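Reading through the structure tokens given below for one structure.
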2 protein chains.
Amino acid sequence: MTSRLKIPRKSIYRLSVYSRCLNRLLDNHVETVSSDTLAKAAGVKPAQLRKDLTYLGNFGRRGLGYNVAELWQRINSTMGTNRLLPVVLVGVGNLGSALLSYQGFAKEGFEIIAAFDAEPERRRHRQSAIPIYDMNRLGAFLKSHKVKLAIIAVPAEAAQEVVNRLVSHGIQGILNFSPLLLQSPTDVMVNNVNLAIELENLAYFVR
Amino acid sequence: MTSRLKIPRKSIYRLSVYSRCLNRLLDNHVETVSSDTLAKAAGVKPAQLRKDLTYLGNFGRRGLGYNVAELWQRINSTMGTNRLLPVVLVGVGNLGSALLSYQGFAKEGFEIIAAFDAEPERRRHRQSAIPIYDMNRLGAFLKSHKVKLAIIAVPAEAAQEVVNRLVSHGIQGILNFSPLLLQSPTDVMVNNVNLAIELENLAYFVR
DNA sequence: CTGAATTTGTGAATTTTTTCACAAACTATT
DNA sequence: AATAGTTTGTGAAAAAATTCACAAATTCAG
């Protein structure tokens, strides 16, 4: 089974989840885990877990399960989580500055190496180690640091313009927090996180 | 076609998106819109838009399209976005305090009426209009205010305990920002927002 | 009023995703 | 070494979601 099989997007999401469950098992010095146990921890069905794992090859042992360390290793090398990836943040308002301080990204192998904002007073006020630059330095920075990923946390009305600039300077993946559908070339991937929609969705099912 | 047809979760998500697109059309005083135009704005195929709308009944006009105001009205009344819904926030760290200041929720009909945190110094430091209470007041507050929705932005290790308390006091929907799968009764809905996984996902497809 | 042009609503076809179910492979025990 | 008990890997089945494609309804222009 060749490693360069196209893995469905949903499986990729779940692989991230599995990886986090494995972290906990590693912490507890658990050596092997069955698809049944891991699936329960990840909130999926065992058959689905096994099917997802076939994209990484066959390395479970029948009658025993998976070696936790090996499974972790395989998932993370497939996901490319092994190397530390640089990210830039555009927009240092409420949400943006929270993301700057958020420890979760660093824990998972991402480093926000710089932030950008058009407002001078936002650029001053921070005591974090991460530099905050004016928007006009964006292009040069991206070029010299070869950054591929960006997080956008600017107001809706500025978002499309920011996307255009990011794309023109070689950004290939964008995590978008602005509540708007953004136009982008097909080879640039945009993941939208819309907090209001998530709440709205909950509200509907709650009644 | 009865209104109490079960609408698939994915359609519910998209209806939220359509509603936002309609907002912009309303702002621009556009009176009617075709499935083709609206679908393009929402980033879906026209047939899918029309199929989603059939859950709300038949009210498009062939040859013309949909009345923007009516469509907006129907979507929002189905989604229950018309009334203002109270929400509590648990955890006022980096992410939590950003969510407190985030204007996006209020814009979409949600009001964070109170926040809770176990750390006294976090409860002091804020100048927002939203009160921040100690965790031991959570139960009484939920009971007296009949809140149904909660946002969790506490560290992973505290999350499950918080869920248990929320559930025991009648919370029915939880928006969870902690990077952990939470156990909850089936009649309590949990939507997970895992920022690190979103970035990881982008990173994979970017290479 | 007529005919060309739109656009909806929707069964049917297609594609994607999930789940089932079981043979094959392996472990553990005695 | 034989047997009972697990657990994987995976075709095949089922379910879910998306897309097609077209008749029916309606608009609009002349």
Side-chain angles (χ1 to χ4, degrees), chain A residues 1-3 5-18 21-22 25 30-75 78 186 201 205, chain B residues 1-3 5-18 21-22 25 30-75 78 181 201 205:
Chain A
M1 182 168 290
T2 55
S3 170
L5 191 59
K6 193 168 149 284
I7 308 180
R9 188 193 241 253
K10 290 200 168 178
S11 295
I12 292 292
Y13 265 99
R14 286 191 297 263
L15 286 173
S16 286
V17 175
Y18 305 153
C21 297
L22 290 170
L25 294 178
V30 177
E31 294 207 348
T32 57
V33 66
S34 70
S35 61
D36 212 77
T37 307
L38 185 55
K40 204 159 290 171
V44 303
K45 293 263 167 76
Q48 180 161 69
L49 167 56
R50 293 200 297 274
K51 190 139 270 187
D52 285 337
L53 294 188
T54 60
Y55 294 114
L56 313 185
N58 304 5
F59 48 94
R61 272 163 70 184
R62 302 184 181 200
L64 190 61
Y66 299 88
N67 179 286
V68 173
E70 183 186 5
L71 182 50
W72 185 90
Q73 172 62 38
R74 292 241 190 177
I75 292 179
T78 302
T186 48
N201 191 253
F205 286 101
Chain B
M1 183 165 288
T2 55
S3 171
L5 191 59
K6 194 168 149 284
I7 309 179
R9 188 192 241 254
K10 288 205 169 176
S11 295
I12 293 292
Y13 264 99
R14 286 191 297 263
L15 285 173
S16 287
V17 175
Y18 305 153
C21 297
L22 290 170
L25 294 178
V30 177
E31 293 207 350
T32 57
V33 66
S34 69
S35 60
D36 211 78
T37 307
L38 185 55
K40 205 159 287 169
V44 303
K45 293 262 166 78
Q48 180 161 68
L49 168 57
R50 293 200 298 273
K51 190 139 271 189
D52 284 336
L53 294 187
T54 59
Y55 294 113
L56 313 185
N58 304 4
F59 48 96
R61 274 165 68 186
R62 301 184 181 202
L64 189 61
Y66 300 87
N67 178 286
V68 173
E70 184 186 4
L71 182 50
W72 183 89
Q73 172 63 38
R74 293 241 189 177
I75 292 180
T78 302
L181 184 79
N201 191 252
F205 286 102

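We name chains A, B, ... by the order of the sequence lines, and we start the count at 1 in each one. What you see is a predicted model, and the numbers here were worked out from it, not measured in a lab.
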Problem set entry | For A:S35, the option from A:K45, A:K51, A:K40, A:R50 that meets side-chain hydrogen bond (donor to acceptor under 3.5 Å, both in side chains) | A:R50

For this session: Determine the contact category for A:R9: base if any of its heavy atoms lies under 4.0 Å from a base atom, sugar-phosphate if only primed atoms, P, OP1 or OP2 are that close, otherwise nothing.
Result: nothing

Exercise. Could you give the CD-to-P distance, from B:Q48 to C:dG9, as a whole number of Å?
Worked result: 16 Å

Problem set entry | Contact check, side chains of B:L53 and B:Y66, non-hydrogen atoms, under 4.5 Å | yes

Seminar exercise, completed: Per nearest nucleotide of DNA chain C, the residue lying toward the 5' end, B:K51 or B:V33, is B:V33

Exercise. What is the minimum heavy-atom distance between B:L49 and B:A39, and which atoms define it?
Worked result: CD2-N, 3.5 Å

Seminar exercise, completed: Residue pair A:R61/A:K10 against DNA chain C: nearer the 5' end by closest nucleotide is A:K10

Problem set entry | Residue pair B:I7 / B:T78, side-chain heavy-atom distance below 4.5 Å | yes

For this session: Test for a donor-acceptor pair under 3.5 Å between the base of C:dT8 and the side chain of B:R62, counting only N and O atoms.
Result: yes

Problem set entry | Phosphate contact (D:dT8 OP1 or OP2) by A:S35 side-chain N/O below 4.0 Å | yes

For this session: Return no unless some side-chain N or O of A:R14 is found under 4.0 Å from OP1 or OP2 of C:dT18.
Result: yes

Exercise. Roughly how many Å is it from CZ in A:F59 to P in C:dC26, rounded to a whole number?
Worked result: 15 Å

For this session: Find the distance B:K6:NZ to D:dA16:C1' and express it as a whole number of Å.
Result: 11 Å

Exercise. Does A:N58 put a side-chain nitrogen or oxygen below 4.0 Å from OP1 or OP2 of C:dA25?
Worked result: no

Problem set entry | Between P of C:dG9 and CG of B:L64, the distance in whole Å | 11 Å

For this session: Round to a whole Å and report the spacing from CG of A:D36 to P of C:dC20.
Result: 12 Å

Exercise. In whole angstrom, what separates B:L71's CG from C:dT7's P?
Worked result: 15 Å

For this session: Can you tell me the distance, in whole Å, between the NZ atom of B:K45 and the P atom of D:dT18?
Result: 11 Å

Seminar exercise, completed: A:Y66 OH to D:dT6 P, in whole Å, measures 18 Å

Exercise. Hey, is CD on B:E70 packed in by over 12 heavy atoms from elsewhere, all under 6.0 Å?
Worked result: yes

Exercise. Side-chain N or O of B:Y13 less than 4.0 angstrom from OP1 or OP2 on D:dA17?
Worked result: no

